[in-house]
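Report on the following structure.
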Amino acid sequence: SQQGEEDPQALSIQEGENATMNCSYKTSINNLQWYRQNSGRGLVHLILIRSNEREKHSGRLRVTLDTSKKSSSLLITASRAADTASYFCATDGAGKSTFGDGTTLTVKP
Amino acid sequence: EAGVAQSPRYKIIEKRQSVAFWCNPISGHATLYWYQQILGQGPKLLIQFQNNGVVDDSQLPKDRFSAERLKGVDSTLKIQPAKLEDSAVYLCASSPGTFAVNEQFFGPGTRLTVL
């Protein structure tokens, strides 16, 4: 079964708004990664946060990790139509990545 | 640098037929992964190679799926015989390190339709 579970399954916002998606997991992890997948394409790595980190930034992306709650969130600020994609979290434990089923984000121009 | 290459991009076969997918990872990457992604779901790991050895194949249906990584570089994934439920996108990824803690670089995938 999948380790990470994203929430919500789908999110629709207007361009310029912020988008927040969450990932919950069940067992201890070494790190957690977020990936983006545009329709019909492979996944693209966005950001990696280690288990001893609480927050990380990359451009318009902000990722938080709460190991006590076994959850992570991805915030995309000032969203653009080009951010329309599916976003997956992948939890890494024992040298193996396990992906959730993703959040589908639609940004309307 | 060149990305992960996969071929073919699309394949349509009838059930009980055989099919093979090919992956060329980024040069120098030690670890290679094959994932199955069913429509609407996240990627599910089928097999992970470290150089030319298998690290994890616990979710590979070994009665019909096989994979090899020749000389620790290119890899092929084969399905024989295919079932309707094998319809999915098959993604290949590689990473430079020997543990999943490194980011994975994905190819464009092969979309398989089994009729």
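The structure displayed is predicted, hence computed values, not measured ones. Note on naming: letters A, B, ... go to the chains in the order of the sequence lines (proteins, then strands), and numbering restarts at 1 for each one.
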Next item on the list: Scan for ring pair (Phe, Tyr, Trp, His ring centres under 6.0 Å) pairs involving residues 40-93 of chain A, sequence neighbours excluded, and state none if there are none.
Entry: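 Counting only pairs at least two positions apart or across chains, the ring pair (Phe, Tyr, Trp, His ring centres under 6.0 Å) contacts touching residues 40-93 of chain A are A:Tyr35-A:His45.
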Item checked: Non-neighbouring partners of B:Asn52 that pass side-chain hydrogen bond (donor to acceptor under 3.5 Å, both in side chains), sequence neighbours left out ->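 In terms of side-chain hydrogen bond (donor to acceptor under 3.5 Å, both in side chains), with neighbours along the sequence ignored, B:Asn52 is linked to no residue.
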Margin query: Just checking B:Leu84: does its CG atom have more than 12 heavy atoms from other residues, nucleotides or ligands closer to it than 6.0 angstrom?
Written below: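 Above 12, so yes.
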Note to self: I need the minimum non-hydrogen distance between B:Gly42 and A:Asp101, along with the two atoms involved.
What the structure shows: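 Scanning both residues completely, I find the closest heavy atoms to be N-OD1, 2.9 Å.
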Next item on the list: Identify the heavy atoms of B:Leu91 and A:Gln37 that sit nearest to each other, and give their distance.
Entry: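 In this case the closest contact between B:Leu91 and A:Gln37 is CD1-NE2, 4.4 Å.
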Item checked: Interface moiety of B:Ser58 toward chain A, non-hydrogen atoms closer than 4.5 Å ->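 The answer is the side chain of B:Ser58.
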Notebook entry, point to check: Are B:Phe21 and B:Ile13 connected in the hydrophobic side-chain network, where two residues link if heavy atoms are under 4.5 Å apart?
Noted result: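 B:Phe21 clusters together with B:Ile13.
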Item checked: Hydrophobic cluster membership, A:Ile76 vs A:Val63, 4.5 Å side-chain cutoff ->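 Looking at the clustering, A:Val63 is in the same group as A:Ile76.
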Checklist line | Side chain proximity check, A:Leu43 to B:Pro43, heavy atoms < 4.5 angstrom | finding: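 A side-chain contact under 4.5 Å exists here.
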Margin query: Side chains of B:Gln104 and A:Gln33 only: does a donor on one sit below 3.5 Å from an acceptor on the other?
Written below: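 Distance-only check fails for B:Gln104 and A:Gln33.
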Checklist line | Separation of A:Ser86 OG from B:Gln37 CD (nearest 0.5 Å) | finding: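 Atom-to-atom, B:Gln37:CD and A:Ser86:OG are 8.0 Å apart.
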